[in-house]
Undergrad: 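Shown below is the structure under consideration.
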Amino acid sequence: MSGEKATKKPDALNDDFKSVRRMKEIMTNYYIEAKTANEQGKMVAWITSGGPVEPLIAMDIIPVYPENYGAMIGASHMAVQLCETAEQMGYSRDLCGYARSDIAASATGGGPIPGGLPRPDFLVCCNNICGTVLKWYEILARYFKIPLFIYDTPFIHTEFSEEAKQYIRQQTFDYIKFLEEQTGKKVDNERLKEVGRLSVGAIKLWQQVQDTCMHRPAPMTAFDAFFHLALIVTLRGTQIVIDYYSELLDELNDRIARKVGMIPNEEYRLLWDNLPIWFKMRWLSKKFASHNAALVASTYTNAWSSTVDLIDENDLAGSLGLATASIYINISIDRMISELGQMIKKYDVDGLVMHSNRSCKPYSLGQYDIQKMVMKEFGIPTLIIEADQVDERNFSESQIETRIDAFMETIKAKKK
Ligand code: SF4
């Protein structure tokens with residue numbers, strides 16, 4: 001699915017947050033640590049964004065996210081060149097832009113980090129986000145000649161059978177066994193419990209951070225949340241994440257107390273669906289702000305907190321699988337509509353903006369059906385923007401501007 005831009009802040013409206021500076025420091029230190037991991041006797045694992053990071057943290061392995069790097073590449077306007085390099089290597093333009101960017105960056109050392117990402121010792125691929133990652137990580141395993149662990153999560157159509165639950169539970173035990181083989185040491189169960197506690201604590205804080213946007217005016221927007229998401233994805237299970245979101249929450253609550261909204265004259269509230277368009281964050285945030293519209297929530301940032309109730313912090317290994325399998329894009333359209341309905345009510349939104357993302361088929365498939373159902377069941381206007389998370393060749397500014405203007409006129413007329 002995705003990660004988040006790290007060492008360079010995306011072009012959003014969040015410049016005056018103190019936490020933005022703190023995030024920059026944390027992510028810079030994180031990448032320096034990962035780049036020098038082998039000198040410190042530590043291993044580096046590349047992992048997909050929806051994968052369970054906690055066992056890596058518990059075993060002192062540094063997790064690195066190619067999707068995170070994909071977001072950085074997109075925001076740095078470096079994706080087209082890398083995607084074209086991948087296409088020259090024989091990969092189809094129809095493949096996810098993160099996969100194309102990362103494959104090309106791995107081969108050339110390209111992207112915003114000098115020399116590219118730190119070289120992995122092994123790979124962890126979880127297919128709860130898509131099937132693309134399976135082939136992508138197989139390519140990486142062949143390229144680097146390193147082991148690959150596949151954490152398999154069946155799709156949830158309605159509910160899981162007991163057999164499916166047992167199967168997913170076993171994935172975590174197999175995963176830990178794989179990590180023990182790679183590191184040559186046994187997992188410390190007390191440490192795993194501690195990481196579970198920190199992980200659940202951080203996820204709950206992340207939910208509270210997002211929920212500050214239930215207030216009017218919202219103290220931040222989804223564009224800010226796309227940026228602040230980085231730590232819950234990458235370093236979940238560490239104290240750093242707890243401290244970071246606690247400070248951010250204080251900052252947001254202070255804004256609420258002072259009635260400071262991110263959009264100065266917030267009149268309309270919108271919900272965003274799908275990944276951000278990383279290379280157009282500032283343009284989009286300004287465009288919606290020009291209509292006094294705040295994007296107060298997104299299904300994307302919500303995906304890293306919506307399954308927290310399924311995690312038992314005292315039995316992390318036993319409960320992590322079900323939570324991992326239950327994320328937003330691994331569930332049926334009916335369940336997606338139910339989650340969207342809850343968010344529409346919770347954040348009291350006037351409209352839904354859906355990014356039909358050419359890169360991310362699993363997130364975008366079904367959006368036209370969801371759009372019809374949302375309009376029918378919840379009676380709010382919806383907009384579909386056809387674009388791409390990183391590949392700027394799939395973005396038509398004038399067409400999208402016209403559609404946003406027309407959508408906002410519909411919302412304004414409805415609210416009169
Ligand atoms: S296809 Fe979607 S879920 Fe898969 S890696 Fe790309 S953006 Fe992520």
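Note that ligands are numbered from 1 as they come in the structure, with each ligand's atoms numbered from 1 the same way. All values derive from a computational prediction rather than experimental measurement.
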Undergrad: Answer with yes or no whether the side chains of S49 and N68 bring together a donor and an acceptor at under 3.5 Å.
TA: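 Per modelled atom types, N68 and S49 side chains form no pair under 3.5 Å.
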Undergrad: Verify whether one side chain among N357 and Q389 offers a donor that lies under 3.5 Å from an acceptor in the other.
TA: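 Side-chain D/A pair, N357 to Q389: present.
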Undergrad: Using a strict 4.0 Å cut-off to heavy atoms of E67, name the atoms of ligand 1 that fall inside it.
TA: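 Numbered from 1, ligand 1 contributes 8 (Fe).
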Undergrad: With a distance cut-off below 6.0 Å to the six-membered ring centre and an angular limit of 45° from the axis, does R142 pair with Y137 as a cation-pi contact?
TA: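 No cation-pi geometry.
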Undergrad: What atoms of ligand 1 come within less than 4.0 Å of a heavy atom belonging to Q389?
TA: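 Those of ligand 1 that fall under 4.0 Å from Q389 are 7 (S).
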Undergrad: With a heavy-atom distance limit of 4.0 Å, tell me whether W136 approaches ligand 1 through its side chain, its backbone, both, or neither.
TA: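 Looking at W136 and ligand 1, just side chain atoms fall under 4.0 Å.
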Undergrad: Would you say E386 and S356 are linked by a side-chain donor-acceptor pair, where the criterion is simply a distance under 3.5 Å?
TA: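 Side chains of S356 and E386: no pair found under 3.5 Å.
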Undergrad: Any N/O/S atom, side chain or main chain, of C360 closer to atom 2 (Fe) of ligand 1 than 2.8 Å?
TA: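 A backbone or side-chain N, O or S atom of C360 is under 2.8 Å from atom 2 (Fe) of ligand 1.
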Undergrad: Quick one: which of C130, G50, C96 has a heavy atom closest to atom 4 (Fe) of ligand 1?
TA: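 Ranked by closest heavy atom to atom 4 (Fe) of ligand 1, first place is C130.
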Undergrad: Distance only, no hydrogens: is a donor on one side chain within 3.5 Å (strictly under) of an acceptor on the other, for Y151 and N128?
TA: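 No.
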Undergrad: Answer with side chain, backbone, both or neither: which part of A99 has a heavy atom less than 4.0 angstrom from an atom of ligand 1?
TA: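 Near ligand 1, A99 shows nothing, with every heavy atom at 4.0 Å or more.
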Undergrad: What part of K361 sits under 4.0 Å from ligand 1 if we count only heavy atoms: the side chain, the backbone, both or neither?
TA: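 K361 to ligand 1: no contact under 4.0 Å from either part.
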Undergrad: Any chance the side chains of R93 and N394 put a donor and an acceptor closer than 3.5 Å?
TA: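 Yes, a side-chain donor-acceptor pair sits under 3.5 Å.
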Undergrad: Out of all atoms in ligand 1, which are within 4.0 Å of some heavy atom of S359? Include the element for each.
TA: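 That gives atoms 1 (S) of ligand 1.
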